[in-house]
Amino acid sequence: MRTERKRKEHTAVSLFLKSLYGFKRYLVLAAVFVVLATCCTYAAPFVTSFTLDYVIQGMDAKVPAFMMRLIDAVGGRTFFLNNLFVCGAAYLLFTLMNGGFTYLRRRNVAFAAEGMAKQLRDSLYVHLNAVPYDYHKHVNTGDIVQRCTSDVDTIRRFVSMQCMEIVRTVVMFTVALVVMFSIHVRMALISMAVLPLLTVSSFIYFRYVRRYFRLSDESEGALSTAIQENLTGVRVVRAFGQQRAEYDKFTSLNKDFRAKTEKLIQLLGYYWGFSDAFGYTQIAVSLIAGICFNVANPEAFSLGNVTLFVTYTGMLTWPVRQLGRILADMGKASVSLGRLNEILSAEAEKEPGRAEKPDMIGDIVFDKVCFGYHAYNDVLKEISFVAHPGQTVAILGSTGSGKSSLVQLLQRLYLCTSGSITINGVNINDIDHAHLRRNIGIVLQEPFLYSRTIKENIKIVDPDAPDDRVFEAAKTAAVHEVIQEFENGYDTIVGERGVTLSGGQQQRVAIARTLMQSAPILIFDDSMSAVDTETDAQIRDALCSMKKDGITFIISHRITTLCEADNILVLEQGKLVQQGTHDELIKQEGLYRRIAVIQDMAGKEA
């Protein structure tokens with residue numbers, strides 16, 4: 001358990017450093033300005049102490065020898081007594097310098113934080129596009145969105161707000177200790193009496209807050225997923241009257257998120273409350289002790305020393321008190337880095353072969369192809385057939401028979417567990433995946449349309465294509481006239497996921513988009529199910545007139561859609577049980593004939 005935790009922490013640190021690549025110089029500069037600003041912060045109270053003791057009371061100045069020589073050179077105590085504004089000007093100068101260095105520190109930290117966040121988002125986006133298709137089937141979209149937004153922002157806030165606070169705390173603590181111990185050892189020890197308690201409480205707080213932040217973050221991810229699913233599936237929710245059930249589900253998730261976040265806030269409140277009490281107690285103890293030392297021996301411990309120690313104690317208490325906040329944010333950042341690393345560590349899709357870019361016009365051969373999503377359960381078993389250029393291959397089968405899996409293998413969204421698939425004599429495992437998919441156009445049963453204009457959706461595969469090509473593709477998909485009837489024609493905005501269009505219109509726009517790809521291999525995965533039979537026939541006739549040497553795969557449950565295909569494949573329980581033309585299959589006993597008879601009977605009854 002401890003080894004696993006150390007491994008995750010090491011991974012988080014590695015990812016953090018990697019994401020800062022190119023921006024570390026900004027953090028180095030920020031650290032330099034932190035040191036300079038801290039020195040100015042401590043110099044201002046020192047000027048006050050010097051003015052009270054040396055200038056006003058005439059006591060010995062407790063300053064380094066080189067500074068004393070400089071003071072004597074300008075006229076000593078008499079000069080400063082007659083020109084008190086010089087002390088005020090020095091105090092103002094250190095204060096202004098502190099402000100300037102603080103600005104420069106924050107500016108450089110902002111460059112580092114925003115640059116790192118951009119780099120992380122770019123890496124996540126690129127990697128999510130590179131992981132296999134199967135990865136996206138097993139993750140929640142809402143959770144992924146939450147990780148790429150909230151978790152990245154958590155890391156960005158840590159870099160921008162707390163990263164330099166670590167340096168500042170170390171520098172302030174070191175400088176204060178050196179100055180305080182050089183003036184009065186006993187008083188320095190008294191001024192630090194409560195600091196160990198603050199430090200221990202900071203680490204205890206860090207230990208608890210990291211655990212509760214992970215719970216809160218995961219709960220927020222579940223909440224984001226619920227919102228995303230409801231907004232996407234609003235039609236289904238309304239159609240089945242599930243508004244109340246979904247509201248109750250969301251309310252339950254929201255309560256869980258609130259409860260876990262409240263626990264996190266409670267821990268923060270307890271820590272700040274107790275640390276405030278400890279901090280102000282420390283300042284009070286330092287003030288009382290300083291007064292006692294001054295009354296007992298004013299020469300050994302002056303009024304200026306009292307002021308200096310009380311001021312330094314406040315300055316020292318704050319960064320130590322802030323340590324808990326720093327550790328808490330560090331814990332949150334480490335959790336977020338771990339969650340992002342879960343995405344980035346997912347293995348990207350690899351080329352299983354030689355990544356060639358052959359001519360994609362030629363025979364497509366399935367030779368004893370087997371495939372299963374799990375090793376113990378084959379979805380496709382010993383599938384063998386040949387598709388020749390210019391042919392249309394139709395696929396028929398009951399639900400779960402492996403029709404979609406078959407065409408997904410052709411696009412290499414999954415790899416065969418055994419057997420081979422070749423295109424023009426080249427094994428698809430040896431074809432570059434981008435080249436392969438660019439030459440295989442696919443239209444799904446539930447097409448995805450972007451929230452853009454209809455024209456932009458059709459042109460998405462070729463944004464620079466002329467409008468004539470768009471119109472031609474739309475005519476082939478039998479949707480050109482429908483689009484022209486809209487008030488804004490091709491400039492009509494499609495709602496998110498195409499909700500402003502009917503199911504048939506969405507499918508036809510998706511078909512037009514795929515035709516713009518000019519791919520030699522086309523796959524229609526039950527993509528005309530929402531289209532009436534007349535329009536279905538019109539689309540098929542248009543496709544036949546333009547296919548030339550290309551190969552078209554059509555998956556459908558309609559015999560009228562399949563009957564004109566050159567070869568019809570019939571799948572049952574993952575096996576190819578029949579293949580042939582419509583005339584051949586209609587004469588054979590089997591699934592094809594049974595479905596044809598049922599659909600013909602249905603037609604007669606209508």
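Predicted model, so just to flag it, every value in this text is computed and none were measured. All heavy atoms count here, side chains included; hydrogens, waters and symmetry mates do not.
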Taking the six-membered ring for Trp, are Tyr133 and Tyr414 parallel (under 30°), tilted (30 to 60°) or perpendicular (over 60°)? perpendicular
Report yes if some heavy atom in the side chain of Val509 is under 4.5 Å from a heavy atom in the side chain of Pro447; otherwise report no. no
Side chain to side chain, Arg186 and Leu189, heavy atoms closer than 4.5 Å: no
Looking at Glu262 and Lys255, is there a salt bridge between them, counting it only when a charged N and a carboxylate O are closer than 4.0 Å? no
Taking everything shown except Phe181 itself, do over 12 heavy atoms lie less than 6.0 Å from its CZ? yes
Going by heavy atoms in the side chains, are Arg452 and Val494 under 4.5 Å from each other? no
Note, Ser286 side chain near Met187 side chain (heavy atom, < 4.5 Å): yes
Is any side-chain heavy atom of Ile283 less than 4.5 Å from a side-chain heavy atom of Val285? no
Could you tell me whether the side chain of Asp151 reaches within less than 4.5 Å of the side chain of Gln146, counting heavy atoms only? yes
With a 6.0 Å cut-off (strictly less than), is the heavy-atom count around CZ of Arg157, excluding the residue itself, greater than 12? yes
Is Glu349 salt-bridged to Arg437, going by a charged N under 4.0 Å from an acidic O? yes
Pairing of Arg339 and Glu342 as salt bridge, 4.0 angstrom limit: no
Does any non-hydrogen side-chain atom of Tyr135 lie less than 4.5 Å from one of Leu128? yes
Sub-4.5 Å side-chain heavy-atom contact between Gln162 and Ile166: no
